[in-house]
Novice: 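Below is one structure. I have some questions about it.
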There are 2 protein chains.
Amino acid sequence: MENIKLFNKLKDYEIDELLGFLHATTKVFSKGSVVINKGSKLNDICVVLVGELSISTKNINGSENVIKKVSAGSSFCTNYVCAGVKSSPVVVRAEKQTGILFLPYDRMLILHESVSQWQKLLLKNLFAEVAQENLEISARMNVLNQKTIREKILFYLNSIADEVGKNTIEIPFSREEMAGYLCVDRSALSRELSNMHKDGLIDYKKNEFQLF
Amino acid sequence: MENIKLFNKLKDYEIDELLGFLHATTKVFSKGSVVINKGSKLNDICVVLVGELSISTKNINGSENVIKKVSAGSSFCTNYVCAGVKSSPVVVRAEKQTGILFLPYDRMLILHESVSQWQKLLLKNLFAEVAQENLEISARMNVLNQKTIREKILFYLNSIADEVGKNTIEIPFSREEMAGYLCVDRSALSRELSNMHKDGLIDYKKNEFQLF
DNA sequence: TTCCCCCCGTTGCAAATGCAACATCACCCT
DNA sequence: AGGGTGATGTTGCATTTGCAACGGGGGGAA
């Protein structure tokens with residue numbers, strides 16, 4: 001229970017209290033089983049306690065396409081629940097044996113002064129988690145919005161440099177993962193990095209980059 | 001005040017009450033003036049009452065890059081405020097003369113049973129607005145994630161067809177806007193649409209499309 | 001050490017795409 | 001009708017990029 005974003009700064013006894021108040025339930029899903037099917041009703045904020053999930057879109061012809069993985073501590077499908085989407089547009093599947101906590105959204109919004117100690121924090125944490133996901137997606141969108149590979153790379157590296165306030169940075173990706181994030185071919189990425197080095201724009205070694 | 005997403009389903013007297021309770025303030029910005037500068041403090045949920053804003057990133061060399069426009073009824077910078085980002089990473093500028101409502105975020109989370117009628121709705125609306133923006137961005141990300149123009153087009157059209165449950169659809173874009181959304185060249189988009197028609201995949205006229 | 005494997009860089013080539021310039025078309029105004 | 005204007009389609013061309021194949025280097029295991 002320690003690393004659950006939604007319960008950040010909440011004391012154990014407060015968590016106990018809110019689980020009861022919200023009529024929370026838990027369930028364990030075995031590896032490969034479907035947690036939420038496309039079209040099924042969405043009423044709860046769902047949290048991964050242990051394990052890992054994949055979220056997939058499902059085409060008309062039935063083929064699935066993984067768009068995201070969710071690990072322990074994070075909630076999922078929160079966007080749909082909060083946005084008022086009643087039936088799931090995605091399939092959620094357990095990648096390993098996975099324990100999940102279900103918190104009815106309706107009850108989260110029943111306000112009582114007497115329980116506001118934890119409720120204020122819970123709501124604040126939920127806002128933070130949804131908003132942070134928004135920032136992550138936006139950041140990647142801005143990268144993908146760039147036309148050329150070089151622009152994508154520079155935009156990405158600069159945004160990180162901005163964040164940490166230095167021009168020597170370390171990225172959390174291998175080349176292959178970096179190519180996936182930038183949505184370009186791995187070899188094309190290597191080629192362009194090489195060109196940018198020749199042009200005196202960057203220096204790099206493994207996942208450490210320096211901007212000039 | 002009618003079309004403000006944040007005040008959806010709230011009665012006028014409830015809005016009056018909450019404006020007072022939250023210590024809301026308003027301010028008018030003239031065309032071209034800076035509403036929020038990069039680096040300035042973010043404490044309030046901001047809502048456009050009338051007018052239009054642009055949100056821009058600012059490079060180290062000072063050049064600005066518009067990433068979004070915000071029109072009346074929508075809130076902005078909500079992501080940063082809710083995510084706990086204290087200082088603005090973007091510049092917000094008035095495109096026309098624009099009136100803005102500022103709602104201190106801290107006070108939104110002060111829970112009182114006595115005022116919960118409007119507070120519950122307000123919080124629910126805020127969740128909905130942030131989450132809906134997530135869904136919009138995610139949808140576009142999935143499109144941009146496709147490799148070829150043809151895949152981008154099909155993914156986009158299919159996602160809309162999925163939504164409305166028909167294979168004849170109408171999109172909210174002109175060609176130029178569509179090209180912008182798909183992040184491709186306008187003429188390249190026209191060419192590919194033409195090719196797809198030849199290949200018997202789609203039929204189209206203006207912004208109406210039919211999928212086969 | 002030697003072998004093996006994985007990650008990364010390099011390169012030739014073909015296909016996709018951006019770019020620019022021009023052609024058409026639809027629509028509005030007079 | 002005529003002309004003007006803005007949106008869309010078309011096309012040639014140069015560039016970018018994906019793809020596939022190969023090579024080198026580092027690290028782990030026997």
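Within every chain, numbering begins at 1; the chains are lettered A, B, ... in the order of the sequence lines, protein sequences first and strands thereafter. Remember, predicted model here, so these are calculated numbers, not experimental data.
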Novice: To the nearest Å, how far apart are B:Ile153 CD1 and D:dG9 P?
Specialist: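 Distance check: B:Ile153 CD1 to D:dG9 P gives 11 Å.
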Novice: Without decimals, in angstroms, what is the distance between A:Arg175 CZ and C:dC8 C1'?
Specialist: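 Answer to the nearest Å: 8 Å.
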Novice: With the threshold set at 4.0 Å, does a side-chain nitrogen-carboxylate oxygen contact exist between B:Lys69 and B:Glu95?
Specialist: yes
Novice: Which of parallel (below 30°), tilted (30 to 60°) and perpendicular (above 60°) describes B:Tyr181 and B:Phe173?
Specialist: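 Rings of B:Tyr181 and B:Phe173: tilted, 30 to 60°.
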Novice: Can you confirm whether A:Glu176 is buried at CD, in the sense that more than 12 heavy atoms of other residues, nucleotides or ligands lie under 6.0 Å from that atom?
Specialist: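 Open.
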Novice: Please test A:Glu133 against A:Asn79 for side-chain hydrogen bond (donor to acceptor under 3.5 Å, both in side chains), starting from the C-alpha separation and ending with a verdict.
Specialist: CA-CA 9 Å; A:Glu133 187 178 344; A:Asn79 295 336; 3.3 Å; yes
Novice: What is the separation between atom CZ on A:Phe173 and atom P on C:dC8, rounded to the nearest whole Å?
Specialist: 13 Å
Novice: Grab the two heavy atoms, one from A:Leu18 and one from A:Phe7, that are nearest each other, plus how far apart they are.
Specialist: CD1-CE2, 3.9 Å
Novice: For A:Ile149 and D:dT16, give me the distance from atom CD1 to atom C1', rounded to whole Å.
Specialist: 8 Å
Novice: Taking the side chain of B:Lys147 as its heavy atoms from C-beta onward, which of D:dC19, C:dG18, C:dC8 lies nearest to it?
Specialist: D:dC19
Novice: A:Arg150 has an atom CZ; how far is it from atom P of D:dG18, in whole Å?
Specialist: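 Between P of D:dG18 and CZ of A:Arg150: 15 Å.
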Novice: Tell me if the side-chain of A:Arg186 makes a donor-acceptor pair with the base of D:dG18, cut-off 3.5 Å, by modelled atom types.
Specialist: no
Novice: Can you check the B:Leu182 CG to C:dG18 P distance for me, whole Å?
Specialist: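 To the nearest whole Å, that distance equals 10 Å.
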Novice: Quick one about B:Glu129 and B:Ser75 (side-chain donor to acceptor, distance below 3.5 Å, no hydrogens or angles considered), yes or no?
Specialist: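 Yes.
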Novice: Roughly, in whole Å, what's the span from CG in A:Asp185 to P in C:dA16?
Specialist: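 Taking CG of A:Asp185 and P of C:dA16, I get 15 Å after rounding.
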Novice: Residues from residues 187-212 of chain A sitting under 4.0 Å of DNA chain D, heavy atoms only?
Specialist: A:Ser187, A:Ala188, A:Arg191
Novice: How many whole angstroms separate atom CD of B:Glu151 from atom P of C:dA15?
Specialist: 16 Å
